[in-house]
S.K.: 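This is the structure, below, for whatever I ask next.
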Amino acid sequence: MITLQTLRSNPEEVVSRLKKKHFDAKNLVDEILKLDVDRRQSQTALDQKLAESNKLSKEIGQLFSQGKKAEAEEKRSQSTALKEESKVLEEQMRKAEEQIQDMLVRVPNLPNDSVPEGRSPEENVVVRSGGDVPSLPENALPHWELAAKYDIIDFETGNKVTGAGFPFYKGKGAKLQRALISFLLDNAIAAGYTEYQPPLMVNAATGFGTGQLPDKDGQMYFVNEDGFYLIPTAEVPVTNIYRDVLLKEEDLPKKMCAYSQCFRREAGSYGKDVRGLNRLHQFDKVEIVRIEKPENSYAVLEEMVKHVESLVQKLELPYRIVKLCGGDMSFASALTYDFEVFCAAQKRWLEVSSVSNFESFQSNRMKLRFKDREGKTQLVHTLNGSALALPRIVATLLENNQTPEGIRMPAALRSYTGFDLIS
RNA sequence: GGAGAGGUGCCUGAGUGGCCGAAAGGGCCGGUUUGCUAAACCGUUGUACGCUGUAAAAGCGUACCGAGGGUUCGAAUCCCUCCCUCUCCGCCA
C-alpha cells in the first residue's frame with residue numbers, strides 16, 4: 001500500500017497519477033485525509049489523558065507508601081474518571097485507524113511516469129522482440145495433440161484424479177519439466193541469486209504482505225483447517241522472508257530465486273485460454289525476487305528483464321517484451337514488463353513472464369525497511385519476475401519444434417534432458 | 001495428538017504489581033590512550049505515532065517485554081484465549 005505520508009503530502013498528485021490506472025481515487029483520498037485529521041486529534045487528546053493518568057498513578061503510589069491514605073483514595077477516584085474518558089478516546093482513535101487502513105489498502109500503487117496510457121492489453125507497448133517464428137506446415141499440431149501423440153502429458157488422467165487444470169507429466173514430458181527447472185535455477189544462480197525452497201502454504205499475514213490479501217483471496221486455494229493459503233507464486237513466501245525486518249544498508253541488495261509449484265483457482269477462465277497447458281491450476285515456476293535500495297530499483301528492473309530475455313533466447317523461442325499500459329497493470333505494481341513467446345501452432349502470443357517493480361508498495365505492507373548510512377529508516381523497494389513459468393514454455397517448445405521425426409530440444413536444454421528428440 | 005518448560009532490547013540474560021523502556025555482560029558505534037593492531041577506560045546505543053519545533057536538529061508526550069483481551073489508580077510481572085519454540089512420549093515420510 002502507498003504510505004500515508006505520500007498521500008498526506010501530495011494528495012492531488014496521487015489522484016492524478018492513478019488516473020493512468022483508470023482508478024478514480026478522489027473520494028477515497030479525501031476520506032482518508034479527513035479520517036487522518038480525526039485520528040491525530042484523537043491521539044493528541046488521548047495522549048494527554050494518559051499522561052495525566054500516568055502522573056496520578058505515580059503520585060498514588062507515593063502517597064500510599066507515605067501512608068497518606070485519604071489523599072490517595074481521592075486521587076484514585078480521579079484516576080478512575082480519567083480512565084473512562086480515555087476509553088472513549090481510545091475507541092475513537094482505534095476506529096479511525098482501522099478505517100484509514102481499510103481504505104489505504106484499496107488504493108493501488110502509483111504507476112511510474114513511463115507507464116503507457118491505455119486501458120487494455122492491446123495498448124501495451126512492445127519494447128523489443130527477438131527470435132524467429134518457425135514456419136510450420138499447415139497440419140502442425142497444437143501442443144495438447146502433440147502431448148497425446150508422444151504420450152508425454154496426460155490431461156485426462158489429471159481430470160480423473162483431481163480435476164481440470166491438473167495434468168500428469170509423463171516419461172520425457174516429466175523429464176523435460178525437471179530439465180527446465182534445473183536449467184532455470186542454474187541460470188538464476190549464475191546471475192547471483194540465492195536459491196530457496198519455500199513453503200507452498202502460507203499464513204494470512206504473509207498473503208497480506210505481498211498484496212494477495214485481502215483483495216484476491218478468491219484466487220488462492222485455502223486450507224480451512226489450518227488457515228493456510230496455497231501459494232499462487234513463490235514471490236509470496238520468498239518476499240515475506242524479510243517481513244517485519246529492519247535491514248542495514250550494507251545488507252542490501254538481496255537476490256533470491258526459488259522454484260515452486262504454484263496454485264491458482266483461476267475462477268472465471270474459459271475457452272481457448274485454458275486449453276492444454278495454456279492455463280493450469282497447478283504449475284511450475286522459477287521466480288526471482290530482489291530487495292533493493294530505492295535509488296537502484298529501476299536499474300535493477302532492467303537488469304532482471306535482461307536476465308529473463310537471456311533465458312528465452314537460450315531456449316530459442318520467438319519472444320517480445322511488452323511494457324504494460326496503466327489499465328493492464330496489477331494493483332500493486334509501479335511498472336511491469338511482460339514476456340510473451342509466440343506459440344506457432346496456436347498462432348498466439350503467450351505470457352511466460354512478468355517482471356515488476358513494486359517500489360515500496362509491498363515493503364510498506366510488510367514493514368520491510370532498512371537503515372541508511374545517515375541512520376534514517378526507509379522502506380526498501382521490492383521487485384520480482386518469473387524466470388520462467390513452465391507450462392507455456394513447454395507448450396511453445398512442443399509446437400514450435402515439431403518435426404516429422406519428433407520434437408527437437410534446444411541445444412541449451414540437452415545436457416539437462418539427456419535427449420534431443422521427443423519421438 | 002499427550003505431558004512438561006518457556007517466549008524480555010542486536011545477542012546472552014535478570015526482573016513476580018509502582019522507583020522498569022527495562023539490571024548485568026557481550027556486540028555495535030563514538031571518544032581517550034596508542035608507532036599499528038590489540039587491550040584498557042569513558043560515553044552512546046530500539047521502533048512507531050502524536051505535539052512543539054528546526055535549515056538540519058532537538059525537546060516533550062504516548063504506546064510497545066510473542067499476539068489479543070481482562071483485573072488494577074498502576075502490569076514485563078496477576079488472570080483468560082491464541083500463536084510459536086524447546087524437552088519427553090506417541091504417530092509417521
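First the proteins, then the strands, lettered A, B, ... as listed; each starts at 1.
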S.K.: Quick one: label A/Arg8 by what it contacts on the DNA or RNA (base, sugar-phosphate, nothing), any heavy atom closer than 4.0 Å.
M.R.: sugar-phosphate
S.K.: Which is true for A/Ser79 with a 4.0 Å heavy-atom rule: it touches a base, it touches only sugar-phosphate, or it touches nothing?
M.R.: sugar-phosphate
S.K.: Measuring only the C1' atom in each nucleotide, how far is B/C89 from B/U81? A whole number of Å is fine.
M.R.: 27 Å
S.K.: Would you indicate which nucleotide in B/C73, B/U47, B/A57 comes nearest to any side-chain atom of A/Leu246?
M.R.: B/U47
S.K.: Would you classify A/Lys49 as touching base, sugar-phosphate or nothing, given that sugar-phosphate means primed atoms plus P, OP1 and OP2, and contacts are heavy atoms under 4.0 Å?
M.R.: nothing
S.K.: Looking at B/G50, B/G18, B/A63, which one has an atom nearest to any side-chain atom of A/Leu50?
M.R.: B/A63
S.K.: With under 30° as parallel and over 60° as perpendicular, where do the rings of A/Tyr221 and A/Phe166 fit, or are they tilted in between?
M.R.: tilted
S.K.: Under 4.0 Å: is that the gap between some side-chain N or O of A/Arg369 and OP1 or OP2 of B/U47?
M.R.: no
S.K.: For the P atoms, the ones on B/A14 and on B/G6, what distance do you get once it is rounded to whole angstrom?
M.R.: 11 Å
S.K.: Counting side-chain heavy atoms from C-beta on, which of B/G50, B/U72, B/U62 comes nearest to A/Lys83?
M.R.: B/U72
S.K.: Which word best sums up how the rings of A/Phe331 and A/Phe361 line up, parallel for under 30°, tilted for 30 to 60°, or perpendicular for over 60°?
M.R.: perpendicular
S.K.: With a 4.0 Å cutoff (strictly under), does any side-chain N or O of A/Asn54 reach OP1 or OP2 of B/A63?
M.R.: yes
S.K.: What contact category does A/Ile60 fall into here, base, sugar-phosphate, or nothing, at under 4.0 angstrom with non-hydrogen atoms?
M.R.: base
S.K.: Rounded to whole angstrom units, what separation is found between the NZ atom of A/Lys367 and the C1' atom of B/A67?
M.R.: 14 Å
S.K.: Considering only atom C1', compute the distance from B/C20 to B/U8 and round it to an integer number of Å.
M.R.: 12 Å
S.K.: Expressed as a whole number of Å, how far does the C1' atom of B/G18 sit from that of B/C11?
M.R.: 30 Å
